[in-house]
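Single-structure report; data block below.
Numbered from 1 within each chain, the chains take letters A, B, ... in sequence-line order. Below, all heavy atoms of this structure are taken into account, side chains as well, without hydrogens, waters or symmetry copies.
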Protein chains: 2
Amino acid sequence: MRQLGIGELARQVGMRPSALRYYESVGLLPAAERAAGRRVYPAGIVRRIALIKMAQRAGFTLAEIRGLLDADAERGATRQWRALAESKLPELDRFIEQTQILRDAVADCLACGCMNFEKCELLSADGPGS
Amino acid sequence: MRQLGIGELARQVGMRPSALRYYESVGLLPAAERAAGRRVYPAGIVRRIALIKMAQRAGFTLAEIRGLLDADAERGATRQWRALAESKLPELDRFIEQTQILRDAVADCLACGCMNFEKCELLSADGPGS
DNA sequence: CCTTGACCTCAAGTGCGCTTGAACCATGAG
DNA sequence: CTCATGGTTCAAGCGCACTTGAGGTCAAGG
């Protein structure tokens, strides 16, 4: 399996090495193996980072993401992982729904030509409460 | 039309008064009318704030949101608003897609019982690139 | 009259998610 | 051998989105 240096990995995932070191420091990434003092990552780490980035974009904090991923490692934490995942599901649903409303609002607003996002009638249908 | 004090408004939209003052200070909210020195908001402001919160959750910075909403005010900025909105649409689409992948991943992972989010086979189908 | 409470301003502080800087080490090319 | 490249640690700094604190104003109520 292909091995990556921190710079190479950073390039692949579109981050800076400092960010990866930071992730390691807060326990989001496992402490990488060292070759002559340098971090060496298995290619599979890319998936984990992609996952982290997705979750992050979805509004999870790094601490929450660590919670989700740690559950994999800790054998006893399965229950915790279930609980966290289950509690987050409706949140994610709500979030997706809201984002779609926004997306459609922007699209409709462009289409309808009113050029006034705030007052656009098309936005009145849903009523984005709370 | 109903008028709101800052505290009342804050309660309605689930924020603190300080956040609303902050929004005003950065130009996200128009400088509210004052009655005896106090801010008085028209009820319609709730919609604007809801909009701001949605956009924010979708990953827009406050500066970007201000850009979107300012376009309403500035007559000449219609072109800018179109451009910004159009440029953001594919971003929003990509974002929704990614979030749905994450949501489904979490859901499937709960369902499949593998209890290993990171290595779950169900995640291998998509390949969250970039 | 005096207090209470909600509001005001302005400056400074907070937490998150990194980035930057200083000082150092190891490998490879010229 | 020398030096560039790219890595290391650790502490401090930064930008965003607010929050908090100090010190003051105003209107209603006991």
task: Could you work out which one of dC26(D), dC18(C), dT20(D) sits closest to the side chain of Arg38(B)?
output: dC26(D)

query: What integer distance in Å separates Leu9(B):CG from dC8(C):P?
result: 11 Å

Phosphate OP1/OP2 of dT9(D): any Arg34(A) side-chain N/O under 4.0 Å: yes

- request: Mind calculating the distance between OH (Tyr22(A)) and P (dC16(C)) to the nearest angstrom?
  value: 8 Å

SB check Arg38(A) Glu8(A) (cutoff 4.0 Å): no

message: Expressed as a whole number of angstroms, how long is the span from Glu24(B):CD to dC8(C):P?
response: 8 Å

- request: To the nearest Å, give me how far apart CG (Leu4(B)) and P (dC7(C)) are.
  value: 11 Å

message: Should the side chain of Arg39(A) and the base of dG7(D) be counted as holding a donor-acceptor pair, with the cut-off at 3.5 Å?
response: no

query: Rounding to a whole Å, what distance do you find between Arg21(B):CZ and dA17(D):P?
result: 19 Å

query: Which sits closer to the 5' end of DNA chain C, Met15(A) or Ala36(A), going by the nucleotide each is nearest to?
result: Met15(A)

Rounded distance (Å) that lies between atom P of dC8(C) and atom CD1 of Ile6(B): 5 Å

- prompt: Judged by atom type as modelled, is there a donor-acceptor pair below 3.5 Å linking the side chain of Gln100(B) to the main-chain atoms of Glu97(B)?
  reply: no

field: Under-4.0 Å salt bridge between Arg34(A) and Glu24(A)
entry: yes

query: Does the side chain of Leu62(B) reach to within under 4.5 Å of the side chain of Tyr22(B), using non-hydrogen atoms?
result: yes

field: Euclidean distance, atom CG of residue Leu62(B) to atom C1' of dG15(D) [Å, nearest integer]
entry: 12 Å

- prompt: How long is the line joining CD of Glu8(A) and C1' of dT5(D), in whole Å?
  reply: 14 Å

field: Nearest-nucleotide 5' precedence on DNA chain D, Val40(A) against Gln56(B)
entry: Val40(A)

